[in-house]
Each structure stands twice: as structure tokens, then as C-alpha cells.
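Note that ligands are numbered from 1 as they come in the structure, with each ligand's atoms numbered from 1 the same way.
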Amino acid sequence: MTTLRITDGVIKDEVLVLGLASSSSKTGLVIESGDLSIDTKSILASLVEMGATGNADEVIKVPGATVRMLVFTGLGKKASSYSPEVLRRAAGAASRALNGLTGATFALPTDSLNSVAAVAEGAALGAYVFSEFKGSSKSEHKAAIKSITVFSKLAQSSEAKPAIARARIIADYTFLVRDLINTPPSHLTPDSFSKKLIAAVKTAGGAKAGLKVSVLDEKELKTQGFGGIIGVGQGSANPPRLLHISYNPKSAKKRFAFVGKGITFDTGGLNLKPGLGMEAMKSDMSGAAAVCAATLAIAALKLPIAIETWAPLAENMPSDKATRPSDIITIFGGKTIEVLNPDAEGRLVLADGLVKAQSSKNKLDGIIDVATLTGAQVIALGTRTSAVMTNSQEFSSEFLTACAESGEQFWPMPLPQELRASLDSPVADMANIGDKSGGMLVAGLFLKEFVAPELPWLHLDIAGPAFNTAAAHGYTPVGGTGVALRSLVVLAEMA
Ligand code: BES
Ligand code: MN
Ligand code: ZN
């Protein structure tokens, strides 16, 4: 794990990371070294000759004089103050380019503690490498940079150290999400997901940290009436689980429930998906990973907010045991569902999770589900913007405020009542699919049926952003991204 620190003193690293912005100056470029004063004239001239632009995601390495290597990372247009997300991405793009190295000092513009935190967070998030399954080629696979130092005159501020510690926690638990997503279904089943989280809870301090974890196995799920989880998981040799993690700090001001979709692999079941791109469905447990890791991060930050987290885990497989189109299942609590399409499985396991989450005697102040729920989400918003649906405009705006701070792109989507009738079934209480048009909203309307109308609820569809199949950018690697964790943490910090 990369060590994070902050300094305003002597630079000890061999690598120095500086910002580069485009400007209206003669050269069109400006070096942004924050609180570090350096002579930039000659370097600037060579950068211009090299065709540098200072655009976001441009990272240029050049040999240095007093240090071995200078790394310029693009900040976009010159500004008197850079937004935290611009700094996060620039720092992340740089640290992604530093694999295999020992240490780098990041001298980027940090005019506030907020920007110190952003540089630290971005740099830490970019220093991620997933090499668990590299075998004979492992030695050629460079590890992430060993140490990152943020250079800022705010280093001596009493809030600097906590900001660095927070960045480390955010990155640690984002890495847990990414690792879980990147782990293939051969090595991540509902059972092994549960075991990994039991271990993570223990590492996080367990009961001493206010954390508890429990798991229901397939027998308990069956006898207790979790028809959604059983129905989705019954086609697989890897039986389903319901994982429950709770964080109960002594002086909790509020209590939230998180529910995350945990399909360890989604083949589509008997409605088998096309082969092309099916491998990305190892990421169909991203919601579960995000809510579990967010809970641990909230505990690590000792936030005074109680969290009850539920991860319904199942593998959606075709077999002679699999749920057939037209089968009727009974969700926990009694609603019956006609499964017209076994590939619309996420909503079935989430329905069980949502009802269970509301069954505890502890009063909830809000409930949030996180899921890679629909292909329609990707069509509507692309691969970098997630959707928020809700029964409470107030809760939704609170969350969007948190997103503006976390830097995660979420966008509000409606739940139009007129689409609800398309989910009617002639034989059961509801069908699991409805209108194709507005498929993301129809899925949201399905889930809404399982939430008490007076309980503020958010449905986060992260289908596109959870798993990056394109090139790495900013602090976002290829593969699992960890999206939703940071916004959930900020929401808990604001509550
Ligand atoms: N896991 C998929 C949704 C998905 C698609 C996530 C692409 C990430 C990228 C989900 O279980 C699914 O298959 N949804 C169906 C629902 C449909 C049958 C109503 C879909 O979106 O096609
Ligand atoms: Mn599916
Ligand atoms: Zn799915």
C-alpha cells in the first residue's frame, strides 16, 4: 500500500509531480507548482517544443536537474483556483504513471485544505494495481508507487494530517471495491464474497470499531422466505448468501440502510446474454462491494452515523435448476413476482434486501440501494455518469450535494408513474419486466414497490460507471472503479 504524507519542507523524493495548465500567455502554457517555487523558464520552453497542451489526462515525464524526474500532469485551463475534482484527476493521472517507483512529491496548487485533500485523494486513488492473478508474468507487473508526499504550505495546519489520513481510508476501501470487482467469478462466489467481507470487518476492528457481520446461507434464506435471492441463485452450483454488516457508533445521530446488488456473475440465466462482452458481468456485484466497503470506511472515519448494510449475493446461471420465464417467486414479506425475464435478476435480489432492511425495529432515516441494474442506464447516461432515482427530492438533493463534493458524477432521473402499469402481471402481484423504453426508470419503479412511501429512499444505478472497459483516465483505472463509495461516505459526513 502506498504511504501518504504531507510536507512543507525539503523534497526528498527523486520524482517531482507538477501541474501544467494551458493559458493565454505567450507560450500558451503555465507550470503550476503550488507552494513550491521553481525556475520554470527553460523547462517551459522545452514543454512547448514537445507539443505539451496541459490538457487533463496529459502526463509528461522529463529528466530533471535537482530531482531525477519531473512529471507534468494536465490541469486544463489555467485558473486562479482549481476545483477539487480537477486536482483529484490530475494527481490520479500522474500517480497511475508512476508504477514501479519508490517515491514522488506532488507539488500542485493547494490553496485550501480542501485542495490538499483532493490532491492526496486523487494521488492515492491512482496508485492502484491489481496483480493478484498474474502468475508467471507477475515480476514484469510493476507495483504501485511506494510513497506519495503532498507538498503544501498548509502541511503544519492541524487539519492537514486528518485530511491525509482520510484520503488513505478512502483509497483503501475504494481498492477493496475494485479488488472485489476485478476478482473473476471463478474466485468470487456468494460464499467467498461473504468470507472476504467477514475478514475485512475483522481487520477493521470488528466489535471494537462498532462493526458486526452475519451471513444467511441458502438453507436459512429458503426457510425465512427470501424468494428473490433463492430464485436468482438456484441455477448455480455456488449457492446464494445474504450478508449483513452493521456499524453502530455509540452516539449515532442518524441511521441509514444500504442495500447493494451482489450478483457475482450475471449470465442472464435462461435468458442467456450474448457472449460478446459477457465477461464484464463479473462486475455485477459492484453495488454490494460499494455499500459494504463504504460501511467500513464510515466506521474507519468514526462517523456518528449508524449504518445497516445488506448485500444479497447470488450467481445468475442457466441450468436445469434455474428459474424459468413464467416462474413465480415470493419476495421476503409476501409480494409475488412473475419472472418473465431471468436476466432482470438484480431487482429480485434487491427487493428481498430492501424489505429485510426495513424489517428491523430500529427506525431508519433513509435507505439507499446501489446496483449495476440496467443496460438502459448506460444508454441514457453513458459510462461515466450514474443515475439517482428517489421518492424524496430532499434526500436526493442532499445526496447530489455530496456528489458535488466527492467528485462522482450522478444525475437525477424521474420515476414516472405512468410506466408503473407496464409491470402489472395477470397472474402475480407484479412482473419483473415492463416497458422497454425507459428501462432504467421501470427498474426503479419496480424497486419503489418495496420501500415504505414515507421512508426517504435513493436508488443508484451505476451500471455504466462501475466497470471501466475503456482506457484509464484521471484516478480511474481499467476494470472496477469503486464508484458510489465516496459519495456515500460524504453523505454520511454531511448527515
Ligand atoms: N446486470 C445487468 C445490467 C447491466 C448491463 C449492468 C450492462 C452493466 C452493464 C442486469 O441484470 C440486466 O441484465 N438487466 C437487463 C434488464 C432487462 C432484461 C429488463 C438489461 O438491462 O438488459
Ligand atoms: Mn441481468
Ligand atoms: Zn445483473
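A donor-acceptor contact closer than 3.5 angstrom is absent between the side chains of N316 and T267. Side chain to side chain, T481 and N468 fail the donor-acceptor criterion of an N or O pair below 3.5 Å. Side chains of S396 and T390: a donor-acceptor N/O pair is absent below 3.5 angstrom, by distance only. With hydrogens and angles left out, the side-chain atoms of Y128 and N99 include no donor and acceptor closer than 3.5 Å.
Pairing each heavy atom of P414 with each of L441, the nearest pair is O-CD2, 3.3 Å. Residues L75 and A90 share a closest heavy-atom pair of CD2-CB, 3.7 Å. Annotation for L455 and D365: closest pair CD1-C, 4.2 Å, computed over non-hydrogen atoms.
Excluding waters, the set of protein N, O or S atoms lying under 2.8 Å from the Mn ion (ligand 2) comprises D266 OD2, D343 O, D343 OD1, E345 OE1.
Taking a 6.0 Å sphere around CZ of R420, one finds it holds more than 12 heavy atoms contributed by other residues, nucleotides or ligands. Within 6.0 Å of the NZ atom in K77, the count of heavy atoms belonging to other residues, nucleotides or ligands does not exceed 12. Dense packing is recorded around CD of E418, with more than 12 heavy atoms of other residues, nucleotides or ligands lying under 6.0 Å away.
Seen from the ring of F450, K335 counts as a face-on cation partner, given the 6.0 Å and 45° thresholds.
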*asked:* Using the rule given for salt bridge (Lys or Arg N to Asp or Glu O under 4.0 Å), can you reason through E405 versus R486, listing the C-alpha separation, both sets of side-chain angles and the distance that settles it, and then say yes or no?
replied: CA-CA 9 Å; E405 201 176 296; R486 286 188 286 131; over 6 Å; no
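Counting only protein N, O or S atoms, 4 lie closer than 2.8 Å to the Zn ion (ligand 3).
Under 4.0 Å from any atom of ligand 1, one finds heavy atoms of residues K261, D266, K273, M281, D284, N341, D343, E345, R347, T372, L373, T374, G375, I433, A463.
Within the structure, salt bridge (Lys or Arg N to Asp or Glu O under 4.0 Å) pairs that include any residue of residues 212-234 comprise E218-R241 (at least two apart or interchain).
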